[in-house]
2 protein chains.
Amino acid sequence: MSSSTAALHRLRVGELADAVGTSTDTIRYYERAGLIPPPERTPSGYRSYDPAAIDRLQFIQGAQRLGLRLSDIADLLAIRDTGTCPCEPAEELLRRRIADLDTELARLTALRDQMTAMADALPSADCPPPRPGTWCPPSEGR
Amino acid sequence: MSSSTAALHRLRVGELADAVGTSTDTIRYYERAGLIPPPERTPSGYRSYDPAAIDRLQFIQGAQRLGLRLSDIADLLAIRDTGTCPCEPAEELLRRRIADLDTELARLTALRDQMTAMADALPSADCPPPRPGTWCPPSEGR
DNA sequence: GTAAACCTTGGAGCCGGGTCCAAGGTCAAG
DNA sequence: CTTGACCTTGGACCCGGCTCCAAGGTTTAC
């Protein structure tokens with residue numbers, strides 16, 4: 001194993017951004033938000049990332065697609081970084097988020113039904129003269 | 001018909017807020033946002049609302065519960081206020097929003113499935129040593 | 001040697017839908 | 001007359017997740 005220059009090649013922030021399809025601004029934002037650790041710097045101050053950062057970012061992106069909030073993801077990463085397997089807390093988080101999702105799904109489904117009923121009723125609803133204060137949707141009451 | 005003092009009784013902003021279960025701040029916000037017209041003022045400058053404002057606010061609340069954005073609601077109200085029956089544009093809006101909802105529902109359902117699968121897989125997934133860069137969820141790739 | 005392309009920083013701005021505040025005016029009850 | 005509840009204004013602030021900017025330093029390509 002060659003001693004120094006360990007990794008295949010270190011990435012600058014723009015390369016990292018390109019590698020995962022995001023922007024340098026977003027990466028800096030994640031760093032500020034504590035999602036990724038401050039990377040090493042080149043002598044001139046440039047951020048210099050280990051290629052493993054790609055994994056970390058892809059994990060963040062995956063978790064984001066799963067609907068986790070950045071704060072949740074930060075929690076998971078923090079747990080992982082301590083050396084504890086994050087699976088248990090992750091399951092906790094996931095179960096909670098699934099429950100949230102179910103609530104949301106129920107709400108949206110009800111909404112959809114209502115809106116469809118409304119939209120169907122509209123064309124036939126005989127629209128009274130534009131009397132202020134009256135309107136077609138049977139919004140409140142009966 | 002009694003000439004003046006027409007309405008049963010005019011409402012002050014706090015009364016209006018109480019009547020529909022919101023805050024005076026929200027009502028002022030709606031006014032700024034163009035959802036409700038600037039009301040008459042008492043000689044001392046207090047807002048003085050026609051009771052019809054209750055209908056308008058309840059309509060706004062109903063439309064909001066239906067998932068319309070304030071800007072959409074403003075459009076509807078603006079159309080209505082010109083004397084044109086808003087049913088057609090309303091149907092347009094509704095159909096569009098329903099399509100949006102369907103998209104969102106599909107997304108969330110897929111998400112739910114994925115998250116459930118993940119959560120179910122977690123407890124059995126044998127967690128490898130806390131090697132940085134690795135993690136349980138089969139997020140990317142296979 | 002010089003220009004282009006990269007990097008650095010901190011801070012502001014954006015979306016939506018409000019919420020909160022301070023300083024001051026007004027009104028009704030006792 | 002005083003107290004307290006209400007009202008006025010405009011502006012700042014909040015959440016989340018970025019995005020954009022300006023002014024300056026560095027590295028790379030020709």
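Just so we're on the same page: letters track the sequence lines, and every chain starts at 1.
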With respect to the phosphate group of [N], does any side-chain polar atom (N or O) of [X] fall under 4.0 Å of OP1 or OP2?
| X | N | value |
| --- | --- | --- |
| Thr26(B) | dT19(C) | yes |
| Arg41(B) | dT26(C) | no |
| Ser23(A) | dC18(D) | no |

Nucleotide of [options] approaching [X] most closely (side-chain heavy atoms):
| X | options | answer |
| --- | --- | --- |
| Ser44(B) | dT8(D), dT26(C), dG17(D) | dT26(C) |
| Tyr46(B) | dC18(D), dT8(D), dG17(C) | dT8(D) |
| Tyr30(A) | dC18(D), dC7(D), dT26(C) | dC18(D) |

Gap between atoms [atom1] and [atom2], on [X] and [N] respectively (whole Å):
| X | N | atom1 | atom2 | value |
| --- | --- | --- | --- | --- |
| Ile27(B) | dT19(C) | CD1 | C1' | 14 Å |
| Leu70(A) | dC18(D) | CG | C1' | 9 Å |
| Asp72(A) | dG16(D) | CG | P | 10 Å |
| Glu31(B) | dG18(C) | CD | P | 15 Å |
| Arg32(B) | dG11(D) | CZ | P | 10 Å |
| Ile73(A) | dG17(D) | CD1 | C1' | 11 Å |
| Glu40(A) | dT8(C) | CD | P | 14 Å |
| Gln61(A) | dG17(D) | CD | C1' | 14 Å |

Could you tell me the separation between the CD atom of Gln64(B) and the CZ atom of Phe59(B), rounded to the nearest 0.5 Å?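 So the CD of Gln64(B) and the CZ of Phe59(B) are separated by 11.0 Å.
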
Quick one: does any side-chain atom of Thr22(A) pair with a main-chain N or O of Thr26(A) as donor and acceptor, under 3.5 Å?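 No, the answer is negative, given that no donor and acceptor are paired below the 3.5 Å cut-off.
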
Determine the contact category for Thr42(A): base if any of its heavy atoms lies under 4.0 Å from a base atom, sugar-phosphate if only primed atoms, P, OP1 or OP2 are that close, otherwise nothing.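 Answer is nothing: Thr42(A) stays at 4.0 Å or more from every strand.
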
Indicate, with a heavy-atom threshold strictly under 4.0 Å, whether Arg28(B) touches base, sugar-phosphate, or nothing.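 Base: the residue Arg28(B), judged by heavy atoms under 4.0 Å, touches a nucleobase.
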
Specify the residue among Gln64(A) and Arg47(B) whose closest nucleotide of DNA chain D lies further upstream toward the 5′ end.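 Final value for this comparison: Arg47(B).
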
Check: [Y] and [X] side chains under 4.5 Å, non-hydrogen atoms:
| X | Y | value |
| --- | --- | --- |
| Ile27(B) | Tyr49(B) | yes |
| Arg47(A) | Pro38(A) | no |
| Glu15(A) | Arg10(A) | no |

Of Asp25(B) and Glu15(A), whose nearest nucleotide on DNA chain C comes first from the 5' end?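 This one resolves to Glu15(A).
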
